[in-house]
Amino acid sequence: PLHWVADPVVLRSNRKEILAIRRFLNSDGDRYWLGVFGEINARKNLPLLLEAIQAQPNVGLLIAGSVDPEVAYAAKTLLSDFVANGGRVIHLDGPLTDEKFDSDIAAVDCVVAAYSTEASSGVVLKAAASGKRLILAGAKCLRNDARQLGSQATWTTLDVHELRRAVEQAQHLPAPAAGVPLSADEFVRALTGK
């Protein structure tokens, strides 16, 4: 019979770097930090997330990765409105080292993956292994990931109201326990049963 095996995860985060990022994020007060990571193109629905968090001034948004110019244009007014309403946005653009990227994931309170297309997500795996709360939306593969992750993840449809509710609920939940990433050797053993 077929059985589910998690993809191998390599975390290169650094505790010192995580603490430095967290200090930077909290430099203007305590906020609940959401993170969106990787190449931010239309399929990652950044404008939808911004619309969902508009009325949440206690939220910060860390965007780590390049943003497609069309997405940046679509999100420009929403970003300005969010900041004007008391929210905070930090964009770490350009290429990031693996250590910096993984440390950014580990520094936020919650990772958001709201995808329009079906594709596995290394960001979701890294966030889960780092013990981050996850809000997953849209793709059926993300709904399956949420089932596998249990209480660590919430899945919603790509709907502003549902996403807003998920962010509001996440802020009141305790931080999940750190997961244990599956190494490449463990992955092969789990896959082959040897």
L61 with V83, same ILVMFWY side-chain cluster at under 4.5 Å: yes
Where I105 and A127 come nearest, the two heavy atoms and their spacing: CG2-CA, 3.7 Å
Flag side-chain contact, heavy atom, 4.5 Å: L49 against E51: no
In one Ile/Leu/Val/Met/Phe/Trp/Tyr side-chain cluster, 4.5 Å: L34, V36: yes
Single-linkage hydrophobic cluster L125~L142, side-chain heavy atoms < 4.5 angstrom: no
Partner set under ring-ring contact (aromatic ring centres under 6.0 Å, His included) for F37, not counting sequence neighbours: F101
Main-chain N/O of N14 paired to E99 side chain as donor or acceptor, under 3.5 Å: no
Verdict with supporting geometry, D93 and S66, side chain to side chain contact (heavy atoms under 4.5 Å, CB included): CA-CA 5 Å; D93 195 5; S66 61; 4.0 Å; yes
Min side-chain heavy-atom separation S121-K44 under 4.5 Å: no
Polar side-chain atom of K132 near backbone of V108 as donor-acceptor pair, under 3.5 Å: yes
Point-to-point distance, once rounded to the nearest 0.5 Å, from OG of S13 to CD1 of I21: 9.0 Å
Euclidean distance, C110 SG relative to L62 CG, rounded to 0.5 Å: 12.0 Å
Any donor-acceptor pair under 3.5 Å from R133 side chain to P174 backbone: yes
Smallest separation among heavy atoms of L136 and A146, with atom names: CD1-N, 3.8 Å
Atom of V71, atom of A42 and distance for their closest heavy-atom approach: CG2-N, 3.4 Å
Heavy-atom closest pair, residues P47 and A74: CG-CB, 4.0 Å
Any pair counted as salt bridge (charged side-chain N to carboxylate O under 4.0 Å, His left out), so long as it reaches residues 68-84, sequence neighbours left out: none
Distance-only criterion, 3.5 Å: show the donor-acceptor pairs between side-chain atoms of residues 156-163 and protein atoms not counting sequence neighbours.
unit_1	atom_1	unit_2	atom_2	d
D159	OD2	H161	N	3.0
D159	OD2	E162	N	2.9
H161	ND1	R164	NH1	3.4
E162	OE2	R165	NH2	2.6

4.5 Å side-chain heavy-atom contact, N26 and W33: yes
Qualifying salt bridge (charged side-chain N to carboxylate O under 4.0 Å, His left out) pairs, either residue in residues 30-43, two or more places apart: D28-R31
Sequence-distant partners of Y32, ring-ring contact (aromatic ring centres under 6.0 Å, His included), two or more places apart: none
Spacing of T154 atom OG1 and L173 atom CG [to the nearest 0.5 Å]: 6.5 Å
Presence of salt bridge, D102 and K126, under 4.0 angstrom: yes
L25 with V59, same ILVMFWY side-chain cluster at under 4.5 Å: no
Side-chain donor or acceptor of Q54 paired with backbone N/O of F82 under 3.5 Å: yes
Heavy-atom check, side chain of N85 versus side chain of P57, under 4.5 Å: no
Pairs touching residues 104-125 that satisfy salt bridge (charged side-chain N to carboxylate O under 4.0 Å, His left out), sequence neighbours left out: R22-D109, K100-D104
Hydrophobic cluster identity match, L79 and V167, side-chain contacts under 4.5 Å: yes
Side chain to side chain, N45 and S116, heavy atoms closer than 4.5 Å: yes
